[in-house]
Amino acid sequence: MVRVDLPAQRRKESKESKESKESESQRELLLTCMSNLLSANDSRVYFKDLQNRFLLVSAGWIAAYAPGRTAQDMVGKTDFDVFSAEHASDASRDEQRVIGTGESMVGKVELETYGGRTDTWVSTTKMPLRDGRDRIIGTFGISRDVTAQTSAENTLAEQALQLITQNERLRELDRLKDEFIGMFSHELRTPLASILGYAEILMEEGLTAPDAEHCVEVIDRNAKRLLRLAGDLQLLAQINSGQMPMEFRSADLADIAACAVDEMRPEAERKHIDLVLSATAISRLSVDPTRIAQLLGNLLSNALKFTPDGGKVEVTLGTEGDQAVLTVADNGIGIPAADRVRIFERFFRTAAAKRQAIQGTGLGLTITQAIVAAHNGTIAVEGGEGRGSTFTVRLPLWTMPAPATKEPAPAAA
């Protein structure tokens, strides 16, 4: 027989009921406080259950992601009810990782993908939501807009990269200038030594000496070489200042090409190089004849320098559509791909030119490119190491009428 103290039992049940009501009241109070806090909070805060369903969201979260809705509307919803499938899937993976590992994800900076925006960055922190027994019952998170900060950081990173690139470029230019000064000194010394040497022979033996004519030829050739070098330096300075003098007039490209080839023929014959010109008749163009001749001279000089004895250099002139096309092709040592991208830079010389000690200042192609640009044309190079080179210049066919010829005066009666 069990004896039950009914008054005591009632007192115990009453106490437990009272404690339960107080606990429930406390939970309601905490929930009310939390709801009020979130409703007045501009931060983007949310609480979710284990199935990633919203329990509570802040006013800031609503304003940022679900304008027009209420916090109550979001209860039981998921990210798939608000965001794109991509955005919602990424968020769900992050939250399930937090739930599974119990480890927080702090300060993850990512590009927002909701609403099709591509210019908004947020920093997100997600943590496990635990009950009084330290069991994980969901997640809670907070995100903040860091677009301005991220943009500033990206800008600083880009500027730092630009400064690094500029510094590297400046160091490279300094190196090329030092190299150019060395080459320039050599380019000066060699012809000056020849001029002085042959001048000394003339002074000792007189102009009637048997080899006097040869001495004069050598002096003349080297003096012209110095003059060309001085002209290149002057022209480079004008190009850099944007003041390259140009004198456009009606000219025949075929005549200019023929003269340039004739001027280079002695050097070609000296090296037993077959120098060929193939030109079709085209209309007279508005060009600077002196600059076009200089352009051709530079390309031919390079072709002859980099083509071994017994090789071939071919100059062709024709038209394609509304362009005059001029090519200088050789079967010489060619240009490696790594050097082709820099071939028009001032002071630049290929590795092969340095290795074989081929004379040059690294200015010819820089000047050539500037002349082409001044004619609104283009220049390109093709070929490869050991396969020769082909330089192609394209100029617009801006024709000009041939110079008018004066009619003969009538004979006197």
Side-chain angles (χ1 to χ4, degrees), residues 228 231-232 235-236 239 244-268 273-307 311-335 339-341 343-346 350 360 362-384 387-403:
R228 283 195 301 271
D232 284 349
L235 185 55
L236 180 65
I239 291 170
M244 181 172 63
M246 301 290 294
E247 296 182 7
F248 288 90
R249 60 179 183 271
S250 175
D252 188 331
L253 284 186
D255 286 346
I256 298 174
C259 290
V261 168
D262 286 343
E263 186 175 338
M264 290 293 177
R265 197 169 296 284
E267 176 63 15
I273 292 175
D274 185 16
L275 179 56
V276 179
L277 170 63
S278 175
T280 59
I282 63 174
S283 303
R284 297 178 68 87
L285 302 182
S286 174
V287 296
D288 183 327
T290 302
R291 296 299 183 209
I292 295 296
Q294 186 176 15
L295 174 159
L296 266 170
N298 287 339
L299 293 179
L300 282 170
S301 175
N302 278 352
L304 293 173
K305 280 193 294 187
F306 291 98
T307 299
K312 182 177 182 179
V313 174
E314 185 173 6
V315 180
T316 60
L317 174 65
T319 60
E320 288 182 10
D322 59 352
Q323 293 179 322
V325 182
L326 176 67
T327 63
V328 177
D330 64 66
N331 60 354
I333 62 176
I335 306 169
D339 287 344
R340 281 204 305 274
V341 298
I343 199 71
F344 296 104
E345 293 180 14
R346 58 182 176 173
T350 64
L363 297 179
L365 289 177
T366 302
I367 292 171
T368 297
Q369 185 183 49
I371 293 173
V372 172
H375 286 81
N376 292 310
T378 62
I379 183 170
V381 58
E382 295 178 343
R387 295 189 289 110
S389 302
T390 299
F391 285 84
T392 303
V393 175
R394 298 177 182 273
L395 303 175
L397 285 173
W398 293 343
T399 59
M400 289 186 67

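All values below come from the heavy atoms of this structure, side chains included, with hydrogens, waters and symmetry mates left out.
Taking the side chain as every heavy atom from C-beta outward, Leu299 and Leu365 approach each other to under 4.5 Å. In this structure, the side chains of Asn302 and Leu304 stay at 4.5 Å or more apart for every pair of heavy atoms. Within the 4.5 Å cutoff, side-chain heavy atoms of Arg249 are placed close to those of Pro289. Looking only at side-chain heavy atoms (C-beta outward), Val276 and Val313 stay at 4.5 Å or farther from each other. Under the 4.5 Å side-chain criterion, counting only non-hydrogen atoms from C-beta, Val393 is in contact with Leu395. Between Leu300 and Leu275, the closest side-chain pair of non-hydrogen atoms falls below 4.5 Å. Annotation: side chain of Thr319 is in contact with side chain of Leu397 (closest heavy-atom distance under 4.5 Å). In this structure, Val315 and Thr327 have side chains that are not in contact, with every pair of non-hydrogen atoms separated by 4.5 Å or more.
To the nearest 0.5 Å, atoms CD1 (Ile282) and CG (Leu317) are separated by 4.5 Å. The line from CZ of Phe344 to OG1 of Thr366 is 9.0 Å long, rounded to the nearest 0.5 Å. Annotation: the span from Asp252 atom CG to Ser283 atom OG amounts to 9.5 Å, rounded to 0.5 Å. Between the CD atom of Glu267 and the CD1 atom of Ile273 there is a distance of 7.5 Å, given to the nearest 0.5 Å.
Among residues two or more places apart in sequence or in another chain, the salt bridge (charged side-chain N to carboxylate O under 4.0 Å, His left out) test is passed with Glu382 by none. Applying the side-chain hydrogen bond (donor to acceptor under 3.5 Å, both in side chains) rule to Thr390 yields no partners; only residues at least two apart in sequence or on another chain are considered. By the salt bridge (charged side-chain N to carboxylate O under 4.0 Å, His left out) test, Glu320 pairs with Arg394, sequence neighbours left out. With sequence neighbours left out, the side-chain hydrogen bond (donor to acceptor under 3.5 Å, both in side chains) criterion links Asp330 to no other residue. For Ser301, the side-chain hydrogen bond (donor to acceptor under 3.5 Å, both in side chains) test picks out no residue, with sequence neighbours left out.
Residue pairs meeting the side-chain hydrogen bond (donor to acceptor under 3.5 Å, both in side chains) criterion with at least one member in residues 256-265, sequence neighbours excluded, do not occur.
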Test side chain to side chain contact (heavy atoms under 4.5 Å, CB included) on Thr392 and Leu326; report intermediate values, then the result. CA-CA 6 Å; Thr392 303; Leu326 176 67; over 6 Å; no
Got a list of side-chain donor-acceptor pairs under 3.5 Å for residues 290-297, not counting sequence neighbours?
{"unit_1": "Arg291", "atom_1": "NE", "unit_2": "Pro245", "atom_2": "O", "d": "3.3"}
{"unit_1": "Arg291", "atom_1": "NH1", "unit_2": "Gln294", "atom_2": "OE1", "d": "3.0"}
{"unit_1": "Arg291", "atom_1": "NH2", "unit_2": "Pro245", "atom_2": "O", "d": "3.4"}

For a quick test of your reading: what N or O donor-acceptor pairs under 3.5 Å do the side chains of residues 369-380 make, sequence neighbours left out?
{"unit_1": "His375", "atom_1": "ND1", "unit_2": "Ile371", "atom_2": "O", "d": "2.8"}
{"unit_1": "His375", "atom_1": "NE2", "unit_2": "Asp288", "atom_2": "N", "d": "3.0"}

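Between the side chain of Asn331 and the backbone N or O of Lys312 there is at least one donor-acceptor pair closer than 3.5 Å. At distances below 3.5 Å, at least one donor-acceptor pair connects side-chain atoms of Arg340 with backbone N or O atoms of Ile335.
The two residues Val287 and Ala251 make their nearest non-hydrogen contact at CG2-CB, 3.6 Å. Pairing each heavy atom of Thr307 with each of Gly311, the nearest pair is CG2-CA, 3.7 Å.
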